[in-house]
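Reviewing the structure listed below.
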Amino acid sequence: MSSAESEGIEYRLSEGVKPPGKVIALLNQKGGAGKTTLATHLAGEFAMQGQRVTLLDADPQGSALDWAQRRAQSGQDRLYGVFGLARDSLHQEAPLIALQADFVVIDGPPRVAALARSALLAADLVLIPVQPSAYDVWASQEMVQLIAEARVFRPQLRAAFVINRRVVGTVIGRESRAALADQPFPALQAEVSQRIVFADSVAAGRLAFEVAPSCAAAREIAALAQAVREMLL
Ligand SMILES: Nc1ncnc2c1ncn2[C@@H]1O[C@H](COP(=O)(O)OP(=O)(O)O)[C@@H](O)[C@H]1O
Ligand SMILES: [Mg+2]
């Protein structure tokens with residue numbers, strides 16, 4: 001047996017004992033909260049760190065799939081696999097996909113529906129992106145309720161708010177802090193600011209840190225990924 005073959009066997013054996021990857025769902029019934037932006041960037045950050053990542057697009061609109069298609073059309077490397085799975089059977093499929101991955105990131109659907117419930121059954125961690133306004137925190141209450149219900153059956157399910165689109169140079173206001181403090185889940189310290197590069201990179205099928213590797217957006221995503229890893233320990 002050649003050394004390459006024996007290495008292959010060793011690889012398969014170590015694969016066999018690997019625990020399944022972690023499933024992270026980006027959920028908020030509000031459209032435009034940043035689910036797709038944070039899902040594609042978190043997945044990209046983990047992939048750049050050498051992790052095996054799969055993104056499941058659970059939004060029937062298929063924005064992450066569109067982004068991946070644009071990426072392929074413009075001849076860029078794949079970075080991670082993106083698959084459409086906007087089905088109520090998500091919770092049955094995601095654990096199988098997690099067997100082959102270190103991280104499975106679910107880009108959630110708008111509206112609270114069977115699909116969002118299915119994502120909650122599959123997830124180890126739910127991230128709720130919210131803009132730093134009390135209105136946006138209040139608007140996520142249906143999702144908060146759904147997570148609380150899911151936790152009755154799955155007490156290990158973790159959840160956190162992620163502030164997205166904070167205006168650069170401002171601290172988040174007292175009203176939104178107060179609204180967040182009333183919630184049953186923490187808000188991550190790692191906040192993501194409103195930055196043109198997040199929106200601009202989409203059309204080219206790219207990620208903010210590919211367009212500008214050492215930009216502030218890249219640092220924020222790296223910090224968010226680190227916070228997520230810590231929550232999953
Ligand atoms: N931090 C951000 N800075 C700038 N634009 C953002 C940011 N987050 C999201 N966007 C933009 O806002 C729009 C909605 O975001 P998206 O991630 O698609 O939300 P959702 O998936 O929750 O509907 C998109 O055009 C996206 O590019
Ligand atoms: Mg989306």
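Not measured: the values here are computed from a predicted model.
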Taking all non-hydrogen atoms of both residues, which atom of [X] and which atom of [Y] are closest, and how far apart?
X: Pro109; Y: Ala116; value: CG-N, 4.0 Å
X: Ala39; Y: Asp107; value: CB-CB, 3.9 Å
X: Ala212; Y: Ala218; value: O-CB, 4.1 Å
X: Ala159; Y: Arg151; value: N-NH2, 3.9 Å
X: Pro129; Y: Ala33; value: O-CB, 3.4 Å
X: Cys215; Y: Ala208; value: SG-O, 4.3 Å

Within the 4.5 Å heavy-atom criterion, are [X] and [Y] side-chain neighbours or not?
X: His41; Y: Phe198; answer: yes
X: Ile24; Y: Phe46; answer: yes
X: Asp136; Y: Phe161; answer: no
X: Glu149; Y: Arg117; answer: yes
X: Trp67; Y: Thr36; answer: no
X: Met48; Y: Leu207; answer: no
X: Ser193; Y: Val167; answer: no
X: Arg166; Y: Thr170; answer: yes

Practice task
Among Thr54, Leu55, Leu232, find the residue that satisfies the side chain to side chain contact (heavy atoms under 4.5 Å, CB included) test when tested with Phe103.
Solution key: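 The passing option is Leu232.
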Exercise for the section: Check Leu42, Val105, Val162, Leu38 against Val228 for a side chain to side chain contact (heavy atoms under 4.5 Å, CB included) and give me the one that passes. Expected result: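 Checked Leu42, Val105, Val162, Leu38 against Val228; only one passes side chain to side chain contact (heavy atoms under 4.5 Å, CB included): Leu42.
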Check this for me: [X], atom [atom1], are more than 12 non-hydrogen atoms of other residues, nucleotides or ligands nearer than 6.0 Å?
X: Arg154; atom1: CZ; value: yes
X: Gln92; atom1: CD; value: yes
X: Arg70; atom1: CZ; value: no
X: Glu175; atom1: CD; value: no
X: Leu96; atom1: CG; value: yes

Distance-only, no hydrogens or angles: does the [X] side chain make a donor-acceptor pair with backbone N or O of [Y] under 3.5 Å?
X: Asp57; Y: Leu65; answer: yes
X: Gln189; Y: Leu224; answer: no
X: Ser201; Y: Val197; answer: yes
X: Glu93; Y: Ser89; answer: no
X: Arg219; Y: Ser214; answer: yes

Practice task
Show your working on side chain to side chain contact (heavy atoms under 4.5 Å, CB included) between Gln183 and Val144 and close with a plain yes or no.
Solution key: CA-CA 8 Å; Gln183 305 302 315; Val144 168; 3.8 Å; yes
Nearest 0.5 angstrom please: [X] [atom1] to [Y] [atom2], how far?
X: Glu142; Y: Leu146; atom1: CD; atom2: CG; result: 8.0 Å
X: Lys30; Y: Tyr135; atom1: NZ; atom2: OH; result: 12.0 Å
X: Asp66; Y: Gln73; atom1: CG; atom2: CD; result: 9.5 Å
X: Arg158; Y: Leu125; atom1: CZ; atom2: CG; result: 7.5 Å
X: Leu26; Y: Asp59; atom1: CG; atom2: CG; result: 11.5 Å
X: Gln141; Y: Gln145; atom1: CD; atom2: CD; result: 8.5 Å

Practice task
Keeping to residues at least two apart or across chains, list the salt bridge (Lys or Arg N to Asp or Glu O under 4.0 Å) pairs with something in residues 72-88.
Solution key: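 For residues 72-88, and leaving out neighbouring residues, the salt bridge (Lys or Arg N to Asp or Glu O under 4.0 Å) pairs sorted by first residue read Arg71-Asp77.
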Practice task
Answer with yes or no whether the side chains of Gln76 and Ser74 bring together a donor and an acceptor at under 3.5 Å.
Solution key: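 A pair is found: one side chain offers a donor N or O, the other an acceptor, under 3.5 Å apart.
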Exercise for the section: Scan side-chain atoms only and decide if Asn28 and Ser140 contain a donor-acceptor pair under the 3.5 Å cut-off. Expected result: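 The criterion, which ignores hydrogens and geometry beyond distance, is not satisfied for Ser140 and Asn28.
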Exercise for the section: Considering only NZ, NE, NH1 and NH2 on the basic side and carboxylate oxygens on the acidic side, decide whether Glu191 and Arg177 come within less than 4.0 Å. Expected result: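 A salt bridge is present here (some side-chain N lies under 4.0 Å from a carboxylate O).
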Practice task
Could you tell me whether Arg195 and Glu220 make a salt bridge, using a distance below 4.0 angstrom between a side-chain N and a carboxylate O?
Solution key: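 Salt bridge flag = yes for Glu220 with Arg195.
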Handout entry: Result of checking Arg229, Lys18, Lys22 against Asp102 for salt bridge (Lys or Arg N to Asp or Glu O under 4.0 Å)
Key =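 Among Arg229, Lys18, Lys22, the one that satisfies the salt bridge (Lys or Arg N to Asp or Glu O under 4.0 Å) with Asp102 is Lys18.
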With hydrophobic residues grouped by side-chain heavy-atom distances under 4.5 Å, do [X] and [Y] end up in a single group?
X: Leu157; Y: Phe185; answer: yes
X: Tyr80; Y: Val211; answer: no
X: Ile221; Y: Ile128; answer: no

Handout entry: From CA spacing to verdict: side chain to side chain contact (heavy atoms under 4.5 Å, CB included), Leu180, Ile172
Key = CA-CA 11 Å; Leu180 284 166; Ile172 84 158; 4.0 Å; yes
Practice task
Kindly give the cluster partners of Ile106, where membership spreads through any ILVMFWY side chain lying under 4.5 Å from a current member.
Solution key: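 Val23, Leu56, Phe83, Leu85, Leu90, Ile97, Val104, which link up through side-chain heavy atoms under 4.5 Å apart, make up the rest of the cluster.
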